[in-house]
Structures are given as structure tokens and as C-alpha cells.
Amino acid sequence: MKSTLIKNGTIVTASDEFVGDVFMKDGKIELVGKNLDVAADEVVDATGKYVMPGGVDQHTHFLFKMDDSRCVGWESSSAAVCGGTTTVVDFVNQEIGKSLKTSVDNYVRDEIGDQACCDYAFHTVVYDPTDELFDEIKHLPEYGITSVKLFMAYKGQAYHMEDGSVLRALQAAKEAGVTIMVHAENAEMIATLQQQTMDAGITGPYGHAVSRPPIVEEEAVRRAAYLAELADAPIYIVHVTAKGAMEVIRDAYSKGVKIFGETCTHYLTVTTDVLKSTSPENGEFEGAKYVCSPALRSQEHLDAMWEAVKKGWLNAISSDHCAFNFEEHKKRGLGDFRKIPNGCAGVENRMQMVWTYGVETGKISKQQFVELCCTNPAKINGIYPQKGTLAPGSDADVLIYDPDSESVISMATSHHKTDYEPFEGRVVKGHPSKVYLRGELVVEDSQYVGKEGTGKFVTSKPYGLAYQK
Ligand code: DUC
Ligand code: ZN
Ligand code: ZN
């Protein structure tokens with residue numbers, strides 16, 4: 001395999017920033033330093049650009065089903081690398097009646113096949129909480145998988161889990177260094193509020209936010225913290241959106257509970273108002289484009305999320321990419337917001353959005369950007385330092401980011417393969433000038449130039465960051 005020397009870029013890691021060079025060979029980073037004097041097959045001038053680790057997005061659903069809708073799958077995985085994300089940690093849903101291992105094997109064969117454009121690790125999602133399942137959790141690291149997600153939300157869906165299942169999962173997981181993740185919203189409160197919201201005549205997309213106020217998240221996060229304390233096991237709260245929920249995590253952690261959490265791009269950059277948006281073609285149903293769970297919040301909560309990522313109270317930013325289409329999927333909820341499938345595309349936009357609205361505005365430093373979007377997600381999922389950093393021996397996953405350009409997010413240029421873009425019209429500063437995946441150039445000027453199927457499975461190791469309190 002060929003060698004590449006990236007010269008004179010501003011190298012940014014979670015702890016460093018300097019003008020220097022990166023030398024990569026045979027898919028690995030060999031040297032990072034100043035004025036490297038080494039022969040390479042190719043020399044790339046990165047003057048004026050930032051050279052960073054490829055992004056790690058620890059929260060994507062390239063397969064998610066809600067009622068009869070299923071989101072766009074791996075055929076759109078070039079979107080990840082085009083946005084600077086070289087590794088995703090994707091959710092594999094347990095097939096009812098089957099083991100996690102079989103579910104993963106089927107997923108790799110039937111859903112990924114030879115389509116992966118980015119590398120991938122997995123979390124498994126519990127659908128069938130049997131004795132065998134809890135036993136299998138202890139063996140997951142043998143398959144290179146070290147995290148399991150349970151949904152506390154979604155009453156009536158197969159994946160909704162009771163507290164007892166969360167507790168049993170925590171108890172099993174800690175025996176093997178597996179990290180339990182939860183989608184924390186109170187399912188009972190939501191179901192009741194949904195009915196009341198419908199009865200009050202609020203049937204459109206805004207009803208989604210009305211029936212999922214911040215307190216339903218705060219309550220479930222508090223319960224999750226108690227469950228983790230009871231099990232004396234780490235717990236990771238995915239997609240934190242609400243100020244109160246974040247404060248529960250912050251305060252429980254400082255009390256000694258091993259509780260951690262992430263937030264997502266949209267919970268930092270989009271307010272709940274969009275659920276009320278209208279358009280000539282879709283009328284008040286336009287807001288369905290922004291239905292995701294938890295619901296989008298007011299500016300006060302967005303500000304709290306920025307403070308939390310800056311201060312380290314939340315330690316990662318993910319996309320929660322779950323790419324439902326508008327015409328085929330979202331429209332199933334016309335007249336009843338409960339039937340709008342929850343989720344939006346976003347894997348392509350995460351790094352540009354966080355850079356623009358976080359780094360460019362001074363809310364977070366460049367080092368924090370790398371920490372939140374690359375390094376911490378790799379550490380949480382046991383794939384660091386193979387992924388998430390620029391260091392000798394790491395995979396040569398490199399993002400060369402040109403900070404000077406300005407562009408507008410638009411469906412016309414997106415790789416999500418959806419029929420709308422949730423961040424449509426947002427102006428972003430900078431773009432991926434080049435992206436390397438294990439030393440191979442896969443993106444040039446935000447365009448995919450790689451070969452589908454080059455993405456590979458990454459083995460996660462147990463006892464990730466959540467165990468290292
Ligand atoms: N929330 C979403 O918005 N989409 C996927 C699943 C979830 O919990
Ligand atoms: Zn979720
Ligand atoms: Zn999700």
C-alpha cells in the first residue's frame with residue numbers, strides 16, 4: 001500500500017495544536033511531527049487547513065423501524081465520510097427470538113453487505129429480554145461488541161424495556177466491561193400526554209414536543225442514575241437534550257455514580273420552533289421533518305447543552321442519524337403526530353455543524369471539537385487509540401478541513417439519499433477538503449471518491465471510558 005505525507009497543516013488533536021506533518025503508510029499513521037523528512041509516494045500540501053482525526057459518530061441507525069417505516073440504510077454510508085466521519089458506531093437491533101450474535105451476523109450480511117463506505121463498530125439493542133439475552137451480554141466482548149442499548153421510552157413498541165430489564169442488563173454488563181446505554185424518556189408519561197394532546201385537538205407535528213416535555217426526559221435520566229447506582233455499574237445516557245436531565249447526570253456523577261452522556265448536533269443547533277414550521281406544499285405538516293426523540297427544545301436548553309459539552313458534563317456529540325423520508329415515512333403521521341416515525345438524517349452534517357456553531361462562535365475550542373466528535377466517542381466504545389486520534393499506530397483516518405469556505409446545506413448536494421434535509425439552508429463554515437480512511441483517499445472537496453465496500457468492522461474492547469471514572 002502506498003504512503004502519504006501530509007505537510008504543513010495545522011494538526012489538531014484533543015490535546016494539541018501545531019503546524020506540522022502526518023506520515024501514513026499501509027493504512028496506519030507512522031509519524032506525526034514538525035518538518036518530517038521522510039520519503040512518501042504522495043505529498044499533500046495542507047497549508048492553511050486543519051488536519052484532524054476522522055470523526056467517530058457513536059450514534060447512528062442505518063437500520064431502524066418504527067411501525068411500518070424503515071429508515072434509509074447503508075447505501076447512504078458515503079454521507080458519513082463526506083462529512084468527515086470515518087467511523088460510526090451503529091445500532092444493531094436484536095431480532096426477536098434470536099441471539100445478539102445472530103442478529104449482528106444477519107445485519108452484516110443483509111444490511112451492510114458490500115456497501116460500507118466508513119468503518120463501523122456496533123452497539124446492540126435489546127428487543128427480547130430473556131434469561132439467555134442477559135447471559136449473552138457477558139459474552140459480547142468475544143464478538144468485539146461492548147455496548148448495549150435499551151429503550152426506556154416507546155410504550156407499545158417491541159424495543160420498549162421495563163426498569164427490571166435495564167437493571168438486569170446493568171448487572172450482567174458490569175461482569176464483562178460492557179457499557180449499557182439508555183434512551184431515557186418516561187414511556188408512561190409520554191403515552192398519557194400523547195393521548196391528552198390528541199384529545200385537545202393538537203394532532204400535527206408540534207404535538208410531538210407537547211407530549212414529550214423536558215421533564216419526561218429528566219425523570220427517566222434520574223431513574224437511570226438510580227438503576228446504575230443500585231447495580232454499581234456505569235450507564236451512558238444517549239441524546240441528552242434537556243437542561244434538567246443534564247444536571248441530573250452532572251450531579252449524580254459528582255456524587256460518585258458512574259453516569260455519562262452525549263448530546264447530538266440538532267439538540268445544540270435547532271429549536272423546537274421548527275415543529276411549528278409551515279410550507280406551501282406541506283402546510284403545518286412541514287414540522288414532521290423535525291420529529292425525533294427526545295423532541296427538540298427551546299433555546300434555554302440548547303444553551304445548556306453547549307455549556308455541558310464545554311464543561312465536560314456531557315462528553316460526546318453524535319448525530320442520532322436515522323434517515324426517514326418525508327413522503328414515504330413521515331407522511332404516515334398526517335393527522336396523528338404519534339405515527340410520524342421518529343428520526344432525521346444528520347451523519348453528514350455533524351462535524352460541519354459543530355465546527356460552525358461551536359468552534360467558529362467560540363463556544364468550544366478546536367481541541368474540544370476533536371475530543372467531542374472523535375476522541376471521546378472512540379474511548380467510550382473501546383476503539384481508541386485505533387480510532388479517534390492522530391498518533392503513531394492509529395488507523396490512518398484523517399480529516400483535512402478547509403476552514404475558509406462557506407456553503408449552505410442542501411438536499412441537492414447531500415449524500416443522505418433522503419428526500420429532504422433537516423439542516424436545509426443552514427450556512428456552514430469550512431468543509432472536508434480530503435478524508436482518508438485507513439490511508440485511502442475517500443473524499444475530495446466533500447465528494448465521495450472512494451470505493452463502496454471498503455468500510456470494515458472495528459472490534460470494540462471492553463471497559464471503555466465509562467468504566468474509567
Ligand atoms: N429517536 C430518534 O429520533 N430516532 C431513532 C430512535 C430514537 O430514539
Ligand atoms: Zn434513542
Ligand atoms: Zn438513536
Side-chain angles (χ1 to χ4, degrees), residues 57-67 69-73 80 88-94 120-127 147-161 166 179-187 190-191 194 205 208-209 211-212 216-217 220-221 224 235-242 245 261-270 272 274-275 287-297 314 316-326 329-330 332-333 337-347 349-350 377 380-381 416 418 420 422-423:
D57 188 344
Q58 64 171 0
H59 191 148
T60 63
H61 305 262
F62 278 100
L63 173 62
F64 189 67
K65 291 183 189 159
M66 207 166 165
D67 301 325
S69 302
R70 71 143 292 166
C71 62
V72 177
V88 299
V89 190
D90 196 48
F91 289 97
V92 179
N93 309 308
Q94 181 190 13
Y120 50 92
F122 294 133
H123 319 281
T124 49
V125 184
V126 178
Y127 276 58
S147 49
V148 176
K149 178 179 176 184
L150 294 95
F151 282 93
M152 297 168 82
Y154 296 118
K155 184 175 174 179
Q157 296 282 353
Y159 38 88
H160 166 68
M161 291 294 133
V166 178
T179 300
I180 295 298
M181 305 181 139
V182 286
H183 173 135
E185 287 185 291
N186 183 308
I190 292 168
Q194 281 179 328
H208 182 71
S211 60
R212 295 179 109 97
V216 306
E217 183 183 339
V221 170
I235 197 158
Y236 200 87
I237 315 292
V238 297
H239 51 45
V240 177
T241 75
E262 64 171 15
T263 189
C264 303
T265 324
H266 40 304
Y267 300 123
L268 292 161
T269 58
V270 187
T272 197
V274 294
L275 288 163
K289 293 179 174 175
Y290 310 99
V291 167
C292 56
S293 288
L296 295 169
R297 305 292 184 208
L314 297 175
I317 303 175
S318 307
S319 68
D320 200 356
H321 175 81
C322 186
F324 286 112
N325 278 313
F326 185 74
H329 303 134
K330 298 279 186 182
R332 292 184 178 155
F337 67 83
R338 295 172 296 185
K339 300 200 173 110
I340 303 171
N342 293 191
C344 306
V347 70
N349 314 122
R350 180 183 69 122
I380 291 157
N381 293 286
H416 284 142
T418 42
Y420 82 98
F423 297 109

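Just follow the structure's listing: the first ligand is 1, and inside any ligand the first atom is 1. A quick note: this is a predicted structure, and the numbers were derived from the prediction, not measured.
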Handout entry: Protein N/O/S atoms closer than 2.8 Å to the Zn ion (ligand 3)
Key = His59 NE2, His61 NE2, Asp320 OD1

Practice task
Would you verify whether the NZ or CZ of Lys330 falls within 45 degrees of the ring axis of Phe324 while also being under 6.0 Å from that six-membered ring's centre?
Solution key: no

Practice task
Indicate whether the side chain of His61 and that of Asp320 have a donor and an acceptor atom separated by less than 3.5 Å.
Solution key: yes

Fill in the blank from the handout: Residues with a heavy atom under 4.0 Å from ligand 1, by chain and number, are His61, Phe64, Phe151, Tyr154, His183, His239, Cys292, Ser293, Asp320, Cys322, Asn342, Gly343

Exercise for the section: Could you check Thr241 against Arg297 for side chain to side chain donor-acceptor pair (under 3.5 Å), going step by step and ending with a plain yes or no? Expected result: CA-CA 7 Å; Thr241 75; Arg297 305 292 184 208; 2.7 Å; yes

Check: residues 150-161 side-chain donor-acceptor pairs under 3.5 Å, at least two apart:
unit_1, atom_1, unit_2, atom_2, d
Tyr154, OH, Asn342, OD1, 3.1
Lys155, NZ, Glu188, OE1, 3.3
Lys155, NZ, Glu188, OE2, 3.3
Gln157, NE2, Asp67, OD1, 3.2
His160, ND1, Met152, O, 3.2
His160, ND1, Ala153, O, 2.9

Handout entry: With sequence neighbours excluded, residues passing salt bridge (charged side-chain N to carboxylate O under 4.0 Å, His left out) with Glu262
Key = none

Problem - Steps toward side chain to side chain contact (heavy atoms under 4.5 Å, CB included) verdict (Ser318, Tyr267) - result: CA-CA 10 Å; Ser318 307; Tyr267 300 123; over 6 Å; no

Problem - Side chains of Thr60 and Asp90, donor plus acceptor under 3.5 Å - result: yes

Exercise for the section: Please determine, by modelled atom types, if Ser147 and His123 share a side-chain donor-acceptor pair under 3.5 angstrom. Expected result: yes

Handout entry: side chain to side chain contact (heavy atoms under 4.5 Å, CB included), paired with Ser293, selected from Arg212, His239, Met66
Key = Arg212

